[in-house]
Trainee: 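Below is the structure I would like to discuss, written out as structure tokens.
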2 protein chains.
Amino acid sequence: MKSEYMSYDEFLINIKKGIVTEDGNCPVTPLLIMLQGRWKSRLMYEMCMYETVRFGQLKKDLPGITNTMLTKALRELEQDGLISRKQFNEIPPHVEYSLTEMGRDLLPVFYAIMNWGYQHEEELYRSKETG
Amino acid sequence: MKSEYMSYDEFLINIKKGIVTEDGNCPVTPLLIMLQGRWKSRLMYEMCMYETVRFGQLKKDLPGITNTMLTKALRELEQDGLISRKQFNEIPPHVEYSLTEMGRDLLPVFYAIMNWGYQHEEELYRSKETG
DNA sequence: TCTCATGGTATAAATTTTGTACCATATATA
DNA sequence: TATATATGGTACAAAATTTATACCATGAGA
């Protein structure tokens with residue numbers, strides 16, 4: 001796991017006052033904004049499963065996503081520095097997407113989410129059943 | 001921090017094969033789906049700052065959100081079991097929202113996000129400057 | 001000649017989100 | 001008496017986002 005900037009206990013105390021960086025910015029909100037929208041957070045999670053991955057594979061991994069939205073999400077995440085795009089001008093041409101260091105550093109976040117998911121597996125399963 | 005269901009090292013190994021629960025479900029995706037949309041993840045983060053909080057306060061905390069969307073997000077998060085709503089039939093009436101246990105258990109997730117935010121503060125600041 | 005594979009784009013339709021106005025009630029103020 | 005304030009919203013049309021569908025260029029292989 002990566003270095004911690006504040007212990008979890010400090011975090012629990014400080015969150016009530018609002019957490020800000022030295023510059024007065026929120027360290028939590030930027031990511032939440034970057035991953036807004038229907039697909040981006042799931043796309044980032046899928047990308048964690050590969051070193052490099054292609055458009056077609058990602059499309060299979062995210063059932064229901066359209067070319068338009070996959071393209072848009074990839075472009076915006078690239079713009080935000082979370083993924084990188086490498087184009088191979090062969091025939092047929094192909095493109096490889098991969099996480100940047102900044103993107104790969106999201107692994108601890110998905111790890112925390114996974115633990116939450118295991119912890120609440122039953123409730124999640126129930127609400128899925130009952131709708 | 002809460003009990004862990006898999007060490008971080010195991011997580012890094014297993015994520016490449018895809019992580020599933022005993023029932024074959026993904027422990028990560030449900031939360032990502034619950035927090036889809038423009039406001040829900042930020043709303044949950046704001047709610048972490050309070051024991052109980054009212055509609056009007058949340059509206060101040062999320063500049064730009066409309067009554068319609070705040071209402072919709074609160075209803076859906078309540079439906080998903082992340083928050084609870086308590087209505088006081090006084091005059092003027094008021095309503096108190098709070099996190100359920102399941103909602104409060106998201107704190108480690110926001111802690112991980114915070115650490116990511118501190119770690120990449122400079123890059124985030126730069127991209128904010130340059131647009 | 002026809003099909004397949006690649007990683008998309010173009011366009012209109014459907015859905016989600018926003019902007020604006022408004023509701024009921026009691027109290028406090030002018 | 002009339003008006004403003006506070007609460008937590010709802011109703012409706014407009015704007016923005018997302019989806020569905022069709023299509024593009026290229027070369028290889030049947």
Side-chain angles (χ1 to χ4, degrees), chain A residues 29 32-47 49-80 82-100 103 131, chain B residues 29 32-47 49-80 82-100 103 131:
Chain A
T29 316
L32 303 185
I33 292 175
M34 280 182 183
L35 299 186
Q36 261 174 15
R38 179 158 176 191
W39 298 104
K40 282 180 185 172
S41 62
R42 279 194 277 166
L43 174 54
M44 286 303 294
Y45 177 57
E46 288 301 328
M47 291 211 49
M49 300 181 192
Y50 303 97
E51 290 304 316
T52 68
V53 63
R54 300 218 234 157
F55 188 93
Q57 182 62 47
L58 290 169
K59 205 181 162 188
K60 281 179 208 159
D61 292 342
L62 296 166
I65 197 170
T66 56
N67 290 2
T68 315
M69 286 312 292
L70 181 50
T71 301
K72 187 162 178 275
L74 288 167
R75 294 284 188 280
E76 292 176 1
L77 293 169
E78 187 189 6
Q79 180 68 29
D80 284 336
L82 294 174
I83 67 177
S84 63
R85 179 182 190 277
K86 190 174 177 188
Q87 187 168 331
F88 294 82
N89 293 316
E90 301 154 2
I91 296 296
H94 78 276
V95 176
E96 285 181 3
Y97 290 97
S98 55
L99 293 176
T100 59
Chain B
T29 316
L32 303 185
I33 292 175
M34 281 182 182
L35 300 185
Q36 261 175 17
R38 179 155 175 192
W39 298 104
K40 282 180 185 172
S41 63
R42 279 194 276 164
L43 174 53
M44 286 303 293
Y45 177 55
E46 288 302 327
M47 291 211 49
M49 301 181 192
Y50 303 96
E51 291 303 316
T52 69
V53 62
R54 300 217 234 156
F55 189 93
Q57 182 62 47
L58 290 169
K59 206 181 162 189
K60 282 180 207 158
D61 291 342
L62 297 165
I65 198 170
T66 57
N67 290 2
T68 315
M69 286 313 291
L70 181 50
T71 300
K72 187 161 179 276
L74 287 166
R75 295 283 188 279
E76 293 176 0
L77 292 169
E78 187 190 5
Q79 180 68 29
D80 284 337
L82 294 174
I83 66 176
S84 63
R85 179 181 190 277
K86 190 174 178 189
Q87 187 168 332
F88 294 81
N89 294 316
E90 301 155 1
I91 295 295
H94 77 278
V95 177
E96 285 181 1
Y97 291 96
S98 54
L99 293 176
T100 59

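Throughout, protein chains are lettered first and strands after them, A, B, ... in sequence-line order, and every chain is numbered starting at 1. Hydrogens, waters and symmetry mates play no part in the numbers below; they use all other heavy atoms, side chains included.
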Trainee: Could you give the CG-to-C1' distance, from L58(A) to dT6(C), as a whole number of Å?
Mentor: 14 Å
Trainee: dT6(C) P sits how many Å from R85(A) CZ, rounded?
Mentor: 15 Å
Trainee: What I'd like to find out is whether the side chain of L77(A) reaches to under 4.5 Å of the side chain of L35(A), using heavy atoms alone.
Mentor: yes
Trainee: Could you list the residues that satisfy side chain to side chain donor-acceptor pair (under 3.5 Å) with Q87(A), not counting sequence neighbours?
Mentor: R85(A), N89(A)
Trainee: Touch check for F88(B), heavy atoms < 4.0 angstrom, all strands: base, sugar-phosphate only, or nothing?
Mentor: nothing
Trainee: Under 3.5 Å, side-chain donor or acceptor atoms of residues 51-58 of chain B against the rest of the protein: list the pairs with distances, not counting sequence neighbours.
Mentor:
| residue | atom | partner | partner atom | Å |
| --- | --- | --- | --- | --- |
| Q57(B) | NE2 | Y50(B) | OH | 3.2 |
| Q57(B) | NE2 | D61(B) | OD1 | 3.0 |

Trainee: Answer whether the closest heavy-atom distance between the side chains of T71(A) and R75(A) falls below 4.5 Å.
Mentor: yes
Trainee: Mind calculating the distance between CD (Q87(A)) and C1' (dG8(C)) to the nearest angstrom?
Mentor: 10 Å
Trainee: What string of B, S and - do you get for nucleotides 9-18 of chain C, 5' to 3', if B is base contact, S is sugar-phosphate-only contact and - is no contact with any protein heavy atom under 4.0 Å?
Mentor: BB------SB
Trainee: Have a look at the helix from dT1(C)-dA30(D) to dA30(C)-dT1(D) and give the angle its two end axes make, five pairs each, rounded to 10 degrees.
Mentor: 30°
Trainee: Base, backbone or nothing for each nucleotide of nucleotides 24-30 of chain C, written B, S, -, heavy atoms under 4.0 angstrom, 5' to 3'?
Mentor: --S----
Trainee: Please give, in whole Å, the distance from dG7(C) C1' to L74(A) CG?
Mentor: 11 Å
Trainee: Quick one: side chain to side chain donor-acceptor pair (under 3.5 Å) partners of S84(A), sequence neighbours excluded?
Mentor: S98(A)
Trainee: Output the distance between atom CE (M47(A)) and atom CD1 (I83(A)), rounded to the nearest 0.5 Å.
Mentor: 5.0 Å
Trainee: Sequence neighbours excluded, which residues qualify as side-chain contact (heavy atoms from CB on, under 4.5 Å) partners of R38(A)?
Mentor: R42(A), Q36(B)
Trainee: Check salt bridge (charged side-chain N to carboxylate O under 4.0 Å, His left out) between K72(B) and all other residues, then give those that pass, not counting sequence neighbours.
Mentor: E76(B)
Trainee: Would you please name every residue forming a side-chain contact (heavy atoms from CB on, under 4.5 Å) with I91(B), sequence neighbours left out?
Mentor: P93(B)
Trainee: Supply the atom-to-atom distance M44(B) CE to L82(B) CG, rounded to the nearest 0.5 angstrom.
Mentor: 4.5 Å
Trainee: Indicate the atoms forming the closest heavy-atom contact of Y45(A) with M49(A), along with that distance.
Mentor: CE2-CE, 3.3 Å
Trainee: How many Å lie between NZ on K86(B) and C1' on dG9(D), as a whole number?
Mentor: 20 Å
Trainee: Over how many whole Å does the gap from Y97(A) atom OH to dG7(C) atom P extend?
Mentor: 8 Å
Trainee: Can you measure Q57(A) atom CD to dA5(C) atom C1' for me and round it to whole angstrom units?
Mentor: 15 Å
Trainee: CG of N89(B) versus C1' of dG8(D): gap in Å, rounded?
Mentor: 11 Å
